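Here is how names work: the chains are called A, B, and so on, in the same order as the sequence lines, proteins then strands, and each is numbered from 1. The basis for the numbers below is simple: all heavy atoms, side chains too, and nothing from hydrogens, waters or symmetry mates. As the structure is a prediction and not an experimental result, all values here were calculated from the model.
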There are 2 protein chains.
Amino acid sequence: MIKIAENTIKRLIVYKKELNRLKAEGKKFIYSHVLAALSGSQPHLVRRDLMAVGYSGSPAHGYSVKELESSISDFLCSSRQVKVILIGIGNLGRAIIDYCHKQNPKIAISSAFDIDPNKINKEYHGVYCFHIDTARNYVIENEIKVAIITVPDSEAQTIATALSDAGIRGILNFTPGRLRVPENVYVENADMMLYLEKVIYFVQNV
Amino acid sequence: MIKIAENTIKRLIVYKKELNRLKAEGKKFIYSHVLAALSGSQPHLVRRDLMAVGYSGSPAHGYSVKELESSISDFLCSSRQVKVILIGIGNLGRAIIDYCHKQNPKIAISSAFDIDPNKINKEYHGVYCFHIDTARNYVIENEIKVAIITVPDSEAQTIATALSDAGIRGILNFTPGRLRVPENVYVENADMMLYLEKVIYFVQNV
DNA sequence: ATCACGCTGTGAAAATAATCACATATTATT
DNA sequence: AATAATATGTGATTATTTTCACAGCGTGAT
Ligand SMILES: NC(=O)c1ccc[n+]([C@@H]2O[C@H](COP(=O)([O-])OP(=O)(O)OC[C@H]3O[C@@H](n4cnc5c(N)ncnc54)[C@H](O)[C@@H]3O)[C@@H](O)[C@H]2O)c1
Ligand SMILES: NC(=O)c1ccc[n+]([C@@H]2O[C@H](COP(=O)([O-])OP(=O)(O)OC[C@H]3O[C@@H](n4cnc5c(N)ncnc54)[C@H](O)[C@@H]3O)[C@@H](O)[C@H]2O)c1
């Protein structure tokens, strides 16, 4: 497969989000420069990025919103339902479950896990919470590939190791520490503090 | 000022975080290859990035943890206290206040704002919540430059516009929509759904 | 005192990403 | 049917980012 730049992937995900919104609004066609404006990108870059996807628009109408959305979805392989688990139903965990639930029907948090007896065997926005000790089996039996980690910092590494052993291939980590995982596990760190620092830098320096 | 790549800024922020941790652990010196491993970077890249900061290490011991941390802090201008406000004390807002509080003493959420009478005039992890209508004045009087937006999607644009008018220069936006703001306002979108999609892409394609 | 080692700092090279520029396609209009 | 207007797709170009390679330095060993 041809290597696609990480930035391209990030932008495609944003395009897809905007296209979904446009589709819901009933818009049929869109030009590269409009999509660029909506996505914080550039017309040239939109067209370049779409080369990777392989979908062609028409010079007259631009791109079919519906077809382009579905082409990008296919390209990103997120067209079928993807099952994800979440570990740690704390403040952040609950906010994420709520959000995910509303946001993208293609991505389903299929179960959550916690260690606190008060949280286990309850449902949060339709997501059932099990004891953490059952996570391993759950991952294996349901072939779960992606996990969201929102446990306290001190627990994150243990959880990440256990999940990797069980066959998890991707982790969205909200914990500030860096996780040590096998090479074939992809980790995305989502540390809000870093985003905030970035904002502060650009406010003070640009 | 010489233009610094956005990726460099992001990495410097991570280096700083790791250095802070090392400092707390009492480590005195560190080599570029060790810092690279801790930060998910490369030794060459660490050294290249540090050229922007202007701090020099010694070939014998590497970099002084304390001095390097403080040089990066100075460079990022985040050495003095920065005051930030948060709009929308919902699930996510509360999680962030709690987190920020624990995480970085240099960055203080100085106040929060909400529209719900049940939430106003209460304290959350030491952060007092005021009525949203007082936010404008607060920003002006206290010269607040950075805001975190965690209100419902439908309210985000209104809030962003009002804050921009009042002089806000940077926004960390947790809402899925794209905000239209004046050119001199820097917006960082922190949409977890996009991070999750990215993880899913890399799990399925790499 | 000298040497060997291993790291830093940085110019140069390579790789990657973004932008430009234009040939090509499609439609509306006359 | 010809023409004008406008947007796409992509080779070429430019800019940026990363990696390489090595000179130079400081330390500890001999
Ligand atoms: N990345 C961010 O922006 C951000 C924001 C807020 C919080 N955080 C981080 O996210 C994490 C969670 O934050 P929070 O505010 O939700 O904390 P929290 O304490 O509210 O929630 C943590 C949850 O994890 C559960 N838990 C503890 N140990 C566990 C284990 N071994 N297995 C399974 N579950 C376990 C707890 O019972 C609790 O329900 C922390 O690391 C925090 O630093 C990150
Ligand atoms: N980016 C992410 O990863 C992520 C995750 C979870 C939620 N979200 C988003 O963050 C936002 C908040 O999510 P939440 O779960 O905390 O929602 P929530 O409903 O729990 O909280 C929203 C808060 O905003 C307050 N509010 C409403 N209108 C307001 C106004 N005009 N001025 C001031 N305050 C106002 C409400 O009273 C409430 O306290 C939503 O847009 C959601 O989609 C994002």
Side-chain angles (χ1 to χ4, degrees), chain A residues 1-15 18-19 22 27-72 75 198 201-202 205-206, chain B residues 1-15 18-19 22 27-72 75 198 201-202 205-206:
Chain A
M1 194 185 47
I2 307 112
K3 169 125 183 291
I4 309 291
E6 184 166 330
N7 281 351
T8 296
I9 301 301
K10 282 203 268 183
R11 286 189 299 259
L12 285 173
I13 293 170
V14 179
Y15 302 155
E18 292 301 326
L19 289 166
L22 292 166
K27 199 148 170 34
K28 296 277 180 259
F29 288 91
I30 190 167
Y31 294 119
S32 61
H33 66 269
V34 180
L35 184 54
L38 289 172
S39 315
S41 180
Q42 297 292 324
H44 291 129
L45 212 36
V46 168
R47 299 207 294 275
R48 182 65 70 194
D49 289 336
L50 294 188
M51 282 178 73
V53 174
Y55 177 74
S56 278
S58 107
H61 302 121
Y63 305 95
S64 152
V65 170
K66 201 173 136 192
E67 285 174 26
L68 182 54
E69 192 280 332
S70 109
S71 297
I72 296 179
F75 176 79
K198 201 172 144 200
Y201 173 82
F202 283 106
N205 292 90
V206 185
Chain B
M1 193 184 48
I2 307 110
K3 169 121 183 295
I4 309 291
E6 183 164 331
N7 280 352
T8 297
I9 301 302
K10 283 204 266 182
R11 287 189 299 260
L12 285 173
I13 293 171
V14 179
Y15 303 156
E18 292 300 326
L19 289 167
L22 293 167
K27 199 150 172 27
K28 296 277 180 261
F29 288 91
I30 191 166
Y31 294 120
S32 61
H33 67 268
V34 179
L35 185 53
L38 289 172
S39 315
S41 180
Q42 297 292 325
H44 292 128
L45 211 36
V46 167
R47 299 207 294 276
R48 181 65 69 191
D49 289 337
L50 293 188
M51 282 178 74
V53 174
Y55 177 74
S56 278
S58 104
H61 301 121
Y63 305 94
S64 152
V65 171
K66 201 173 137 191
E67 285 176 25
L68 181 55
E69 192 280 333
S70 108
S71 297
I72 296 178
F75 176 80
K198 201 173 144 199
Y201 173 82
F202 283 106
N205 293 90
V206 186

Sugar-phosphate or base contact per nucleotide [nucleotides 20-26 of chain D; S, B, -; heavy atom under 4.0 Å]: BB--BB-
For [X] and [N], give me the distance from atom [atom1] to atom [atom2], rounded to whole Å.
X     : N      : atom1 : atom2 : value
B/Q42 : D/dT17 : CD    : C1'   : 13 Å
A/L68 : D/dA7  : CG    : P     : 17 Å
A/L45 : D/dA7  : CG    : P     : 18 Å
B/N7  : D/dT19 : CG    : C1'   : 15 Å
A/K3  : D/dT18 : NZ    : P     : 12 Å

Residue pairs passing the salt bridge (Lys or Arg N to Asp or Glu O under 4.0 Å) test where at least one lies in residues 49-58 of chain B, sequence neighbours excluded: B/R11-B/D49
Show every donor-acceptor pair shorter than 3.5 Å between a side-chain atom in residues 38-48 of chain A and any protein atom, with sequence neighbours excluded, or say none if there are none.
{"unit_1": "A/S39", "atom_1": "OG", "unit_2": "A/L35", "atom_2": "O", "d": "2.7"}
{"unit_1": "A/S41", "atom_1": "OG", "unit_2": "A/Y15", "atom_2": "OH", "d": "3.1"}
{"unit_1": "A/R47", "atom_1": "NH1", "unit_2": "A/S32", "atom_2": "OG", "d": "3.3"}

Heavy-atom check, side chain of B/Y63 versus side chain of B/L50, under 4.5 Å: yes
First and last nucleotide of DNA chain C, 5' to 3', lying under 4.0 Å from heavy atoms of chain A: C/dA17 to C/dT27
Pair A/L68-A/F29, side-chain contact (heavy atoms from CB on, under 4.5 Å): steps then yes or no: CA-CA 9 Å; A/L68 182 54; A/F29 288 91; over 6 Å; no
ring-ring contact (aromatic ring centres under 6.0 Å, His included) against A/Y55, all qualifying residues, sequence neighbours excluded: none
Distance below 4.0 Å between A/Y31 side-chain N/O and D/dG9 OP1 or OP2: no
Stepwise side-chain contact (heavy atoms from CB on, under 4.5 Å) test for A/F75 and B/N205: CA-CA 10 Å; A/F75 176 79; B/N205 293 90; over 6 Å; no
Any residue meeting side-chain contact (heavy atoms from CB on, under 4.5 Å) with A/S58, in chain and number order, not counting sequence neighbours: A/A60, A/H61
Sugar-phosphate, base or nothing in reach of A/S56, heavy atoms under 4.0 Å: sugar-phosphate
